[in-house]
Participant: 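The structure that follows is given in the form of structure tokens.
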Amino acid sequence: MAGTVNLVCTRERLGEMLTELRATPIPDGQVVGENFTPADGCHIASGWETFSYQFGTLGSELWTETINVVLASINAIPYIFGYVALIVMFMFVWRAIKTFLTPTRDYTSLKTVTFGDESAVRSETAASIISIILIFVIWGTFTGSSLLPSFMHLPGPFTGEGSFTYTVEDADGNRDEAEVFVNVITAGGVAEEIEIDGGDGFAKDDVTTVSVYSSEIVSWDRNDDVNRRDDGARIVAINGQEFQFDPNARDDNGNLLDAAPSFTLDFARVAITDRGTINVSPDPGWQMQPLYLPAPEVVWNRFIEIAKYGYQNVYLTVHLGFSLFRVIVGFLLGAIIGIPLGYAMGLSNWFRGWFDPIVEFMRPVPPLALIPLVIIWFGIGEVGKIFLLFLAALWIMAIAARSGVSGVRITKVHAAYSLGASRWQILRHVIIPNSLPEIFTGARVAMGVCWGTVVAAELVAAEEGIGKMITTASKFQNTDIILLGVIIIGIVGFGIDMLMRMAERKLVPWKGKG
Amino acid sequence: MSGLAIDNISMRFDLPNGGHVQALKDVTLDIKQGELMSVLGPSGCGKTTLLNIVAGFLAPTGGETRINDHVVEGPNKERGMVFQQGALFEWMSVRDNVSFGPRMAGKKKADYMGNVDHLLDVVGLQDFKEKMVYELSGGMQQRVALARCLANDPDVILMDEPLGALDALTREKMQGLVLKLWKETGKTIILITHSIDEALLLGERVLVMAPRPGRIHKEYRLPFAEMGVETDLREVKEHPDYTTTREEILTMIWDMEEEIMGRTEVEE
Ligand SMILES: Nc1ncnc2c1ncn2[C@@H]1O[C@H](COP(=O)(O)OP(=O)(O)OP(=O)(O)O)[C@@H](O)[C@H]1O
Ligand SMILES: [Mg+2]
């Protein structure tokens with residue numbers, strides 16, 4: 001930019017000298033190299049400095065990120081090992097069961113060398129079934145699903161009543177003990193009144209109501225007549241456990257001298273806040289909050305509800321219908337243009353030369369990257385989304401058709417010519433049928449990409465569609481609907497692929513038999 | 001003159017590195033109507049190139065091929081091809097493969113169906129007419145290829161190692177079939193083979209080619225094909241002339257191969 005200059009500036013921050021690169025606008029009427037003077041502590045960056053500081057910053061940022069990723073990965077390791085252990089355990093259990101069943105004696109089962117023989121590896125149906133069941137079981141145990149017997153649930157969040165005592169010491173060194181009654185209720189539940197009489201002494205008993213997965217601050221002194229926190233009273237022990245913490249003891253900058261203590265009680269975590277109050281967080285247990293992961297039956301009930309009554313005034317069939325409509329129209333348009341384009345590229349030097357650069361450039365551009373452009377060009381209406389899917393399918397189909405044509409064995413073409421076929425007949429009876437298997441493979445890939453793209457496009461901009469349903473649900477934190485949307489997307493995508501495979505088996509039975 | 005005239009054919013391929021390969025040099029041949037000529041020669045001596053020129057798939061860099069007194073300019077149904085393998089259309093049934101030529105010519109189904117079924121009977125595939133070609137064995141597929149070629153009624157049949165991919169037993173049966181069809185139809189046939197026995201048993205004329213540049217080395221006129229029509233092919237093989245000719249050609253090709261090996265060593 002004409003009006004900008006890169007400066008290297010050194011300044012002090014938190015007692016450390018910090019050197020950084022800064023793009024700075026040049027004030028009006030000043031010219032670099034003439035009357036422009038950089039600010040104090042700065043000088044104009046040389047080309048090398050511009051380069052090296054950029055990469056220095058990038059490097060340090062990426063290093064921090066790498067560490068984050070590694071730490072997160074390390075956290076995942078026990079879970080991965082646990083899962084693998086389950087897989088292996090089920091394998092041995094199943095093998096043990098299988099030896100009691102009548103063994104099959106087909107060719108593969110009689111092979112002695114199976115390790116390394118890829119053809120001897122078949123998908124074990126039992127493993128597939130167990131794996132799917134296990135996913136639901138894990139889902140259920142982590143959500144306290146009512147579909148599972150309760151002994152299979154992980155410990156849920158604490159609900160009900162709990163209490164702990166606290167000891168107050170006033171400014172004069174007098175101590176008194178009082179009790180806090182905590183009533184933990186499920187989200188949306190109604191608290192039962194707990195009757196307390198306050199107890200004796202200057203510290204009075206307190207009562208508080210907390211929802212599961214949240215926390216509550218107990219201002220223990222609010223019902224005390226005397227010796228409030230303002231008067232210098234503070235807590236010195238929880239459940240009789242003494243600690244040294246004075247919220248009023250601070251250095252000149254206002255920082256605390258002691259670390260605020262916290263206690264893990266059987267029903268809650270109790271922490272003293274920086275201001276001397278008590279923060280009570282009831283034990284969340286091992287289960288996931290419904291906000292993060294609703295139970296399977298919740299999602300199922302939502303499905304029934306949405307299927308019947310729709311979500312936000314749009315029926316599920318409408319959402320799904322719009323998504324499928326876009327995919328099918330976009331795919332068909334892409335195929336209608338892409339297949340002839342691929343044939344032209346496969347059959348004519350000129351067309352191949354013409355389109356090679358265009359196709360090779362457009363192919364690696366993911367359709368998702370075009371969403372912003374398409375919205376600017378076409379708005380959020382149907383045309384834009386269908387155009388996007390058209391593009392997604394176009395290159396895939398063109399390349400599939402091209403390689404289908406190139407893949408025709410020259411002896412077949414020669415044979416057809418020798419049998420008296422014309423060019424047109426060779427196209428019709430040799431080249432097209434020969435390229436159909438490749439085109440079907442391409443169509444399967446294109447359908448998959450289109451389905452993924454339509455969902456992403458709807459996430460960004462749409463009035464209806466399964467992706468739109470998810471975005472709306474995320475605004476209202478309806479995790480069950482988000483999850484439902486994801487499951488529907490997966491099932492429909494799988495269904496599309498199955499249909500394409502069935503069509504392939506029916507329409508091009510010679511695939512791979514050439 | 002009816003028949004096939006190969007007149008002073010030369011073929012030179014330019015290579016991307018600037019060099020060139022003289023695949024054929026001054027090959028001249030006259031093949032009469034109804035002759036069966038087999039072509040032998042070491043690998044790379046230009047047999048396939050010659051056949052492709054006759055078929056019209058390649059334009060020679062020198063000379064011309066004439067058939068029935070007109071010059072060959074491209075592939076045409078008067079010259080049928082039988083390839084080693086993979087030339088059948090796997091998206092068609094056996095019957096559709098065999099009827100391909102007549103169908104492309106726009107003939108009426110009633111006019112060609114009788115002949116197609118007859119040919120399938122002749123090659124012994126009467127029970128496989130509705131099968132897809134990928135459901136057949138290699139030998140059966142070559143029989144389909146033969147029938148497909150014959151259904152188009154070409155003047156000349158060009159075969160490039162048609163039986164090369166078959167096992168010895170099937171191959172022997174197919175050799176008998178080729179002889180039988182040749183006698184019955186009276187077609188002109190050029191047959192490229194790597195098997196000396198096949199060349200001797202099937203070829204009225206046997207052409208031995210030499211490499212670098214590809215050229216005709218020697219030509220034989222042999223009685224064994226005629227004999228084979230009447231008697232069992234194995235009895236033909238016992239014939240004393242057969243063994244001597246066989247030895248002679250074997251030594252000839254062996255020497256050529258040796259020479260090529262020697263030369264490449266010197267070149268590199
Ligand atoms: N398209 C081509 N470009 C360059 N050289 C070629 C080409 N086709 C064939 N040749 C060369 O021409 C020569 C003859 O090849 P050709 O295929 O006719 O041999 P062949 O006798 O049929 O061999 P084989 O018995 O192995 O089939 C070989 O040296 C080969 O390298
Ligand atoms: Mg060859």
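Numbers restart at 1 for each chain; the letters A, B, ... are given by sequence-line order, proteins then strands.
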Participant: Mark yes when over 12 heavy atoms from residues, nucleotides or ligands other than B:Lys131 sit less than 6.0 Å from its NZ; otherwise mark no.
Facilitator: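 Atom NZ in B:Lys131 is not packed in, count stays at 12 or less.
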Participant: In this structure, are over 12 heavy atoms from other groups packed under 6.0 Å from A:Phe351 atom CZ?
Facilitator: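 Not buried by this count: 12 neighbours or fewer within 6.0 Å.
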Participant: Just give me the residue among A:Pro433, A:Ala415, A:Ala416 that pairs up with chain B most often, heavy atom to heavy atom, under 4.5 Å.
Facilitator: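 Looking at each option in turn, the highest pair count goes to A:Pro433.
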Participant: With a 4.5 angstrom heavy-atom cut-off, is it the side chain or the backbone of B:Leu88 that approaches chain A, or both, or neither?
Facilitator: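 B:Leu88 touches chain A through backbone heavy atoms alone.
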Participant: Go through B:Val82, B:Asn76, B:Asn52 and name the one with the most non-hydrogen pairs under 4.5 angstrom from chain A.
Facilitator: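 Winner by heavy-atom pair count: B:Asn76.
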Participant: Nearest 0.5 Å please: distance from the OG atom of A:Ser418 over to the CG atom of B:Asn152.
Facilitator: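 CG of B:Asn152 is found 9.0 Å from OG of A:Ser418.
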Participant: Counting only heavy atoms not in B:Asp111 (residues, nucleotides, ligands), do more than 12 fall under 6.0 Å from its CG?
Facilitator: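 Counting other residues, nucleotides and ligands, CG of B:Asp111 exceeds 12 neighbours.
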Participant: Does B:Phe89 reach the side chain of A:His429, with side-chain heavy atoms less than 4.5 Å apart?
Facilitator: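 Side chain of B:Phe89 against side chain of A:His429, heavy atoms only: no contact under 4.5 Å found.
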Participant: Are side-chain heavy atoms of A:Leu436 and B:Trp91 found at a separation under 4.5 Å?
Facilitator: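 Not in contact.
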Participant: Between atom OH of B:Tyr134 and atom CH2 of A:Trp510, what is the distance when rounded to the nearest 0.5 Å?
Facilitator: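 If we round to the nearest 0.5 Å, B:Tyr134:OH and A:Trp510:CH2 are 8.5 Å apart.
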Participant: Any side-chain heavy atom of A:Leu419 within less than 4.5 Å of one from B:Lys77?
Facilitator: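 Heavy-atom side-chain distance check fails, nothing below 4.5 Å.
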Participant: So, are B:Glu90 and A:Lys511 salt-bridged, with charged N and O less than 4.0 Å apart?
Facilitator: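 Answer for the salt bridge query: no.
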